[in-house]
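Notes to accompany the following structure.
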Number of protein chains: 2
Amino acid sequence: MTIRLMLVDDHEVVRSGLRMLLEGEPDVEIVGEFGLAKEALASLERLKPDVVVMDIGLPDLSGIDATTEVKRLREGTAVVALTIHEDEEYFFKMLDAGASGYVPKRAAPEELLTAIRAAAVGEVYLYPSMAKLLVKDYLTQESHAEARGGMDGLTDREQEVLAHLADGATNLEIGETLGISPKTVARHRENIMRKLGMHSRTELVKYAIRKGIIQA
Amino acid sequence: MTIRLMLVDDHEVVRSGLRMLLEGEPDVEIVGEFGLAKEALASLERLKPDVVVMDIGLPDLSGIDATTEVKRLREGTAVVALTIHEDEEYFFKMLDAGASGYVPKRAAPEELLTAIRAAAVGEVYLYPSMAKLLVKDYLTQESHAEARGGMDGLTDREQEVLAHLADGATNLEIGETLGISPKTVARHRENIMRKLGMHSRTELVKYAIRKGIIQA
DNA sequence: TGAAAAATCGGGTAGGTACCGGATTTACCT
DNA sequence: AGGTAAATCCGGTACCTACCCGATTTTTCA
C-alpha cells in the first residue's frame, strides 16, 4: 500500500528536492504539489492524500492555519511540518493544529521519510530538538511528576483546609463548610504556610495545583 | 569529541549486539557495560559517561529507578531507554525519571544511534509510537488548547499586571516593579476582574495558569 | 480631527489576610 | 502514665483586598 503524499511549499527548489528524494521510494507516491495553501486545500478532496508535508511560511495562509483546515476537512489525513522554524511557538501551535510530525529543513532527508512513514500509520515523528521542548513541557506540567510526591507533612485536616483555600473560599466559608470556627481555619492555614514555607494564598493555589489537589 | 557511552542490559546478546553496532562509529566510545543496575551506578563516578543506554527490565533494580539514580548522581549524564516495552506506563515513568530518549528494541539500529547522539547534545529522541503518546497527552492537557485562545479582551497592560498578580505580588510590589502607583495596579485589577467575571486573586491565579501566563 | 479606549492617579470603606500571642481536648504511642 | 502531635478555639493588629466613587493624560483609530 503506497502512501499518497501531498507537498505544500512555496519554494520550487524545496519541492523539486523533495520530489527527487521521494521518487526513489517505492512506498511513496506524490499525488500533488502546491505553492499556495488555498490551492492545496481546494484539491484535498480530489487527491485524498494520506500525508501532507506542510511548510509553515506560506504566502497566502500560514501552515498552521492550513493544517487546522486539513484536519477539519479530512481528519484521517496526517500533516508533517517541514520548516526552517525551530522555535517553541510554531512547534506547539502546529501540535495544537493537529500535526503528526515536525521536521526542520536542516534535518537529514531520511528523517523526513521516517516522519512521513510514521505519520502514515498514525504515529508521530518529532525531531530531537523539538521532542526536547515537548518533554520539558510535559515535566513542568507537574500534575504528573510532583503529584506522586508526598504532601510535605500536611495532616489530613490541613490538606482538607488547603483544598478549600486553593479553591477560593474565605476562612469564614471554610469554617461553615467544615463546621469549625473561622479562627481555626486561619490557624490551620498558618500551620500549612509555615510547613510549606509560603506566605500567601496565591502560592498555596499553585502548590495545590501542582499536587493535583485542585484543577487549574 | 567522542560520546562516552555506558550500556546497562542484563542480556549478554543485546550488549554484544550494541557493541558491534557502535564499534564502527568514530564518535562513540563504550566506557562500560553492565548487567546489573547497581554495578552500573557504582561505576558512574569513575566512568563519567555522557550517555547511558538503559534497559528497563533489569534483575536487581528497575531501569526506571536506575534512571532516577543516574540523574541524581550525575545530572549531566543523559539516559536513553532501550526496551521491549512500548506501553504508556513505562514510557511516562521513564520521562518522569529524566530519560532523554526512548527506543524500542524492535527499532532500526540507526535509530538508537540517533537517540544517543541527540541525548549527548541535550536533545531528546522519541520513537514515533512513543512520541504519539506524548503528543496525545499534551493535547488532552487542554490547559494549552485554551491558552492559545484569546485573552478575553485584556489589554497588554492588564495582562502584565495579571502576570504579577497571579505570581503572588501585592499591589504595592507590582506598582514598584512597573513604576506605577499601587492605586493604578488596583484599578487594573478591578478592570481585569470585571472583564473576566472573577472576584478573587485565587480565581485569577487559576485563570493565569490555564492561559499559560504563569506556571503552576 | 475628534471620539473611544487605554493608562494613569486619588480617596474611601468593609471586610479579609497573615501572623502574633496563649489555650484546651483528644488521640495515639512508648 | 506521660509525652507528643493534632485539632480545636480565642483575642488582637497591621496590612491588604475588593469594590465604590471620580479624574486626567495619552494613545488609538475611524
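Proteins come first, then strands; the chains are lettered A, B, ... in the order of their sequence lines, and each starts at number 1.
Between A/Glu190 atom CD and C/dC20 atom P the separation is 7 Å, expressed in whole Å. Atom P of nucleotide D/dC10 and atom CZ of A/Arg189 are separated by 17 Å, given to the nearest angstrom. Atom CD in A/Glu203 sits roughly 14 Å away from atom C1' in C/dT17 (whole-Å rounding). Here D/dT17 presents its C1' atom at 17 Å from CE of B/Met198, a figure rounded to the nearest Å. Following rounding to the nearest Å, A/Leu165 (CG) and C/dA18 (C1') show an atom-to-atom distance of 12 Å. When the P atom of D/dT17 is taken as reference, atom NE2 of B/His164 falls 14 Å away, rounded to whole Å. Rounded to a whole Å, the CG atom of A/Leu196 is 16 Å from the C1' atom of C/dC19. In this structure, B/His199 atom NE2 and C/dG16 atom P are separated by 15 Å, rounded to whole Å.
OP1 or OP2 of C/dT17 lies within a sub-4.0 Å distance of a side-chain N or O belonging to A/Arg201.
In summary, B/Glu89 and B/Lys93 engage in a salt bridge, as defined by a charged side-chain N under 4.0 Å from a carboxylate O. Here B/Arg117 does not pair with B/Glu123 in a salt bridge; the nearest charged N to carboxylate O distance is not below 4.0 Å. Between B/Arg15 and B/Asp10 no salt bridge is recorded (no basic side-chain N to carboxylate O distance below 4.0 Å). Salt bridge absent: A/Arg74 and A/Glu69 never bring a charged side-chain N and a carboxylate O closer than 4.0 Å. Using a cut-off of 4.0 Å between Lys/Arg side-chain N and Asp/Glu carboxylate O, B/Lys105 and B/Asp55 are scored as salt-bridged. At a threshold of 4.0 Å, the pair A/Lys195-A/Glu158 counts as salt-bridged, since one of the basic side-chain nitrogens sits closer than that to a carboxylate oxygen.
The side chain to side chain contact (heavy atoms under 4.5 Å, CB included) test with A/Lys206 is passed by exactly one of A/Thr202, A/Leu204, A/Ile209: A/Thr202.
Remark: nothing in residues 169-177 of chain B comes within less than 4.0 Å of DNA chain C through any heavy atom.
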Sugar-phosphate or base contact per nucleotide [nucleotides 4-9 of chain C; S, B, -; heavy atom under 4.0 Å]
--SSBB

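Here the CG-CG distance, from A/Leu36 to A/Asp60, works out to 4.5 Å after rounding to the nearest 0.5 Å.
For B/Tyr90 and B/Tyr102, the distance between ring centers is not under 6.0 angstrom.
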